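Following: one structure in structure tokens, then a few remarks.
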Amino acid sequence: MSAIDYGEKIPNNVNLAEDRALQRALEHWQPNYLGWWQEMGPDGAQDFDVYLRTAVSVDPQGWANFGYVKMPEYRWGIFLNAPEADRRIHFGDHKGEPVWQEVPGEHRANLRRIIVTQGDTEPASVEQQRHLGLTAPSLYDLRNLFQVNVEEGRHLWAMVYLLHKHFGRDGREEAEALLARRSGDSDNPRILGAFNERTPDWLAFYMFTYFTDRDGKFQLCALAESGFDPLARTTKFMLTEEAHHMFVGESGVSRVIARTCQVMNELKTDDPGKLRAAGVIDLPTIQRYLNFHYSVTIDLFGADQSSNAATFYSAGLKGRFEEGKRADDHLLRGAAYRVLEVVDGRLGDKEVPMLNALNEVLRDDFIRDSEAGIGRWNKVIEKAGLPHRLQVPHKAFNRRIGTLAGVRVAPDGRVVDEAEWAAKQRQWLPSDEDRAFVASLMGRVVEPGRFANWIAPPPVGINRQPIDFAYVRFN
Ligand SMILES: [Fe+2]
Ligand SMILES: [Fe+2]
């Protein structure tokens with residue numbers, strides 16, 4: 001394990017210079033990546049100086065430094081956590097065997113699929129967010145957007161490195177295909193549904209980074225358990241970066257709520273019309289955005305029963321969240337888990353083999369984690385002395401994947417008929433009018449220390465800089 005070498009064309013801590021064929025292959029991919037970044041990265045922002053953090057070490061203490069960087073000059077590279085001595089596979093049929101440094105032939109197709117699916121989400125989110133810089137509510141927020149974007153670009157590098165190093169020619173072809181698919185493109189879309197949705201405004205961006213980047217956290221945590229050691233080590237380092245993305249989402253929504261509550265108290269009203277006229281986002285609209293992003297994101301975990309999930313686990317490719325902290329046998333052969341089902345138009349649940357329900361297990365872990373932050377948002381409303389509370393919609397609400405895809409379920413968990421769904425949908429999910437209203441608030445604020453009217457300033461700046469620091473310089 002070496003320190004990160006910034007003298008190389010591709011910064012890395014994997015001794016890339018010692019593997020000339022791999023180095024050449026990645027140096028060949030690099031200009032294609034930069035071409036993709038120029039075309040699909042942040043719109044009109046390539047020349048800005050952005051106060052970004054760059055990884056300088058994989059040591060959790062002091063792993064990054066901060067400074068002005070033009071985004072196309074960001075040092076994307078390959079950083080893996082240090083190997084653990086004598087690491088063993090700790091779940092599934094290979095439990096107790098040493099971890100693999102090379103891909104076992106029998107698991108090659110599944111591992112490639114896992115890596116490609118994860119890799120595809122990374123550039124997708126950059127594409128989804130590429131127009132947001134034009135309407136940032138402050139320089140602080142603009143910088144955070146760009147930080148998330150460059151790190152998603154680096155996460156693509158993390159997966160492409162594995163494809164190039166361990167999957168030969170098919171890996172190189174997959175790495176090219178990762179640059180060819182486009183979010184929302186009907187001919188060549190990104191692999192997963194939520195990554196083809198638009199992220200049209202900043203409320204959507206904060207919800208996306210709160211919920212959908214958190215899906216990323218749970219997927220990465222499950223892969224960090226993998227018996228394929230290079231995948232475990234690279235995803236561990238990605239998790240270090242991921243924490244900031246979820247912070248951007250949680251604090252962003254929190255600041256929107258804080259500002260709305262402030263105006264509700266000033267005007268002594270909860271009337272959405274009056275609040276909208278005052279230029280802030282009413283809490284019911286925030287709730288509808290929450291319902292949308294939550295439901296679309298929990299679909300990302302896949303079907304509630306899945307033989308693939310069982311195979312990935314038993315083969316030692318993908319563990320559970322915090323696998324090592326669980327007290328069971330880590331084989332799960334006789335274990336059961338409850339999943340939802342619909343019988344005679346009513347929601348119930350049934351017991352199924354846990355191995356087949358591992359998508360649901362991960363989804364439920366995600367749900368617990370995301371509920372905690374919604375509780376913190378409600379504290380903001382409570383502190384403002386207001387009675388309203390945001391709710392987590394029922395797990396079966398607005399689902400497109402798995403058993404629940406075929407039923408209409410209200411946010412409170414009631415199964416409803418088509419007529420009620422059609423009549424109430426506008427109360428449950430953002431309507432075109434909601435989106436048009438939120439869009440009407442979006443306008444670029446570029447004066448250091450100023451914030452758009454619809455969002456409160458953050459309590460502190462980035463890296464101990466003041467809030468009115470010039471986080472982006474436009475040149
Ligand atoms: Fe990522
Ligand atoms: Fe992320």
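In this chain, numbering begins with 1 at the start of the sequence shown. Read the numbers this way: they start at 1 and go in the same order the structure lists the ligands and their atoms. What you see is a predicted model; the values in this text were computed from it and never measured.
Of the angles at the Fe ion (ligand 1), the one spanning OE1 of Glu152 and OE1 of Glu122 is 80° when given to 10°.
The Fe ion (ligand 2) lies closest to atom OD2 when only the N/O/S atoms of Asp213 are considered. Closest to the Fe ion (ligand 2) among the N, O or S atoms of Glu242 is OE2. The Fe ion (ligand 2) sits nearest to atom ND1 when only the N, O or S atoms of His245 are considered.
Taking backbone and side chain together, Glu151 holds no N, O or S atom under 2.8 Å from the Fe ion (ligand 2). Among the atoms of His155, an N, O or S atom falls under 2.8 Å of the Fe ion (ligand 1).
Ring centroid separation for the pair Tyr206 and Trp202 comes in under the 6.0 Å cut-off.
A donor-acceptor pair is defined here as one N or O able to donate and one able to accept, closer than 3.5 Å; such a pair exists between the side chain of Tyr210 and the backbone of Ser370. Put simply, the side chain of Arg233 never gets that close to the backbone of Glu84: no donor and acceptor are under 3.5 Å apart.
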TODO: For side-chain contact (heavy atoms from CB on, under 4.5 Å), just list the numbers for Asp213 and Val248, CA-CA rounded to whole Å, side-chain angles, deciding distance to a tenth of an Å, and then say yes or no.
DONE: CA-CA 10 Å; Asp213 284 74; Val248 169; over 6 Å; no

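Classification of the Trp63-Phe237 ring pair by plane angle, with boundaries at 30° and 60°, yields perpendicular.
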